[in-house]
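Working notes for the structure below.
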Amino acid sequence: MIGDAAHIFPAEDGLFEETFSTDNTYRVHGLNITIHQDYSASLGVAASVWDSFFENESLDLSGTRIIELGGGTGLVGIVAARLGAHVTITDLPSAVSQIERNIAANTPFSGWPSDGPSVSALAWGLDHSRFSSSWDFVLGADIVYLPETFPLLLDTLVHLCRDGAVVYLASTMRREHGAQDFYDHMLPQMFSVELVQRDPENNINIYKATLR
């Protein structure tokens with residue numbers, strides 16, 4: 001079963017035509033975060049939009065338990081940890097080393113307010129049962145773009161939220177990748193869903209979801 005399902009997770013992200021490595025510094029919630037990328041993806045969703053989200057929602061993350069799905073570079077989880085949360089950042093095994101590198105690069109000289117983020121491999125729908133359901137927040141930045149993975153993502157979100165976690169997902173609303181259908185039809189099957197922020201210029205939405 002695992003072998004049959006694993007092929008839908010791409011070994012390399014085919015959304016981008018070129019691949020290269022680059023280091024950039026982003027200003028998020030008053031923090032300068034240096035991020036190494038091994039691909040040419042824009043961090044618009046994870047940087048400027050999440051900066052605005054943290055400001056507008058006024059979330060007190062200190063002491064909260066957060067899991068990030070599809071962490072990629074780990075930027076969102078790193079910011080949450082710098083704001084005092086206990087964070088676990090997850091992605092496919094191929095992304096783990098990049099996330100660990102970025103955590104090391106952004107460790108404060110004075111130490112993390114709570115503790116440094118941990119990193120774990122997680123393939124949606126396949127091994128989520130290894131993870132606790134005791135979270136305060138589940139975060140994801142631009143992880144809704146492969147319709148084949150939507151049922152697996154939904155299964156994973158249901159498991160992680162059994163004890164009451166609140167989900168925040170930021171997505172570029174690409175019609176060709178079915179993002180709107182996921183938020184309008186699939187996610188509401190199990191969750192109450194609310195659009196909490198919209199960036200029309202960049203076509204990015206942030207949704208809040210709670211398990212029914």
Side-chain angles (χ1 to χ4, degrees), residues 26 28-31 33 35 45-47 49-93 95-108 110-144 149 152-171 187 190-194 196-197 206-212:
Y26 299 89
V28 184
H29 203 66
L31 303 170
I33 307 295
I35 292 296
V45 167
V49 173
W50 282 92
D51 181 33
S52 175
F53 167 77
F54 282 129
E55 293 288 350
N56 291 344
E57 291 296 309
S58 299
L59 294 177
D60 181 7
L61 300 184
S62 180
T64 60
R65 297 192 65 208
I66 291 176
I67 186 168
E68 181 184 3
L69 299 180
T73 64
L75 186 147
V76 175
I78 290 169
V79 172
R82 291 283 298 269
L83 295 175
H86 304 278
V87 178
T88 298
I89 303 173
T90 69
D91 207 320
L92 295 176
V96 167
S97 62
Q98 176 175 252
I99 297 170
E100 291 176 336
R101 174 175 177 170
N102 286 329
I103 291 172
N106 291 282
T107 299
S110 58
W112 297 91
S114 294
D115 46 33
S118 63
V119 185
S120 294
L122 169 58
W124 305 335
L126 303 179
D127 54 7
H128 56 248
S129 61
R130 296 190 296 105
F131 291 79
S132 166
S133 299
S134 299
W135 307 97
D136 296 298
F137 299 104
V138 179
L139 306 180
D142 222 9
I143 62 175
V144 178
T149 69
L152 305 179
L153 175 57
L154 183 60
D155 286 347
T156 300
L157 289 173
V158 168
H159 170 76
L160 295 174
C161 294
R162 291 197 189 282
D163 291 346
V166 177
V167 180
Y168 287 101
L169 299 176
S171 288
L187 193 58
M190 301 298 295
F191 288 81
S192 299
V193 182
E194 176 188 358
V196 294
Q197 191 161 314
I206 296 183
Y207 291 88
K208 175 182 178 180
T210 54
L211 192 63
R212 293 183 184 277

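Values in this document were obtained by computation on a predicted structure and should not be read as measured data.
- Applying the side-chain hydrogen bond (donor to acceptor under 3.5 Å, both in side chains) test to every pair with at least one member in residues 153-162, sequence neighbours left out, gives these pairs: His128-Thr156.
- Trp135 and Leu160 make their closest contact through CD1-O, 3.4 Å (heavy atoms, listed as atom of the first residue, atom of the second, distance).
- The shortest distance between side-chain heavy atoms of Met190 and Cys161 does not fall below 4.5 Å.
- The side chain to side chain contact (heavy atoms under 4.5 Å, CB included) test applied to Pro113 returns no partner, not counting sequence neighbours.
- Taking every heavy atom of both residues into account, Phe137 and Ala165 meet most closely at N-CB, 4.4 Å.
- Inspection of the Ser120 and Thr90 side chains reveals no N or O donor paired with an N or O acceptor under 3.5 Å.
- For Ala85, the side chain to side chain contact (heavy atoms under 4.5 Å, CB included) partners are Leu61, Thr64, Ile66, Ala80, Val87, not counting sequence neighbours.
- Minimum heavy-atom separation, Ile78 to Asn106: CG2-CB, 3.9 Å.
- Side-chain contact between Leu69 and Leu153 is present, with at least one heavy-atom pair separated by less than 4.5 Å.
- For the pair Ile103/Ile89, a side-chain contact is recorded, criterion being any heavy-atom separation below 4.5 Å from C-beta on.
- A 4.5 Å side-chain heavy-atom check between Val158 and Leu211 finds at least one atom pair inside the cut-off.
- Taking all atoms of both residues into account, the shortest heavy-atom contact from Ile143 to Trp124 is O-CH2, 3.5 Å.
- When all heavy atoms of Gly63 and Ser114 are compared, the pair lying nearest together is N-OG, 4.3 Å.
- Not counting sequence neighbours, the partners of Asp163 by the side chain to side chain contact (heavy atoms under 4.5 Å, CB included) test are Ser133, Ser134.
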Quick one: do Asp136 and Val166 satisfy side chain to side chain contact (heavy atoms under 4.5 Å, CB included)? Show the steps, please.
CA-CA 6 Å; Asp136 296 298; Val166 177; over 6 Å; no
Working note: Val144 + Leu187, criterion side chain to side chain contact (heavy atoms under 4.5 Å, CB included); need CA distance, chi angles, decisive distance, verdict.
CA-CA 11 Å; Val144 178; Leu187 193 58; over 6 Å; no
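- Note that CG of Asn102 and CG of Leu75 are 8.0 Å apart. Values are rounded to the nearest 0.5 Å.
- Every residue meeting the ring-ring contact (aromatic ring centres under 6.0 Å, His included) condition with Tyr207, not counting sequence neighbours, appears here in chain and number order: Tyr183.
- In this view, Ala121 and Pro93, Val96 satisfy the side chain to side chain contact (heavy atoms under 4.5 Å, CB included) rule, not counting sequence neighbours.
- Between Ala170 and Ile206, the shortest heavy-atom contact is CB-CG1, 3.7 Å.
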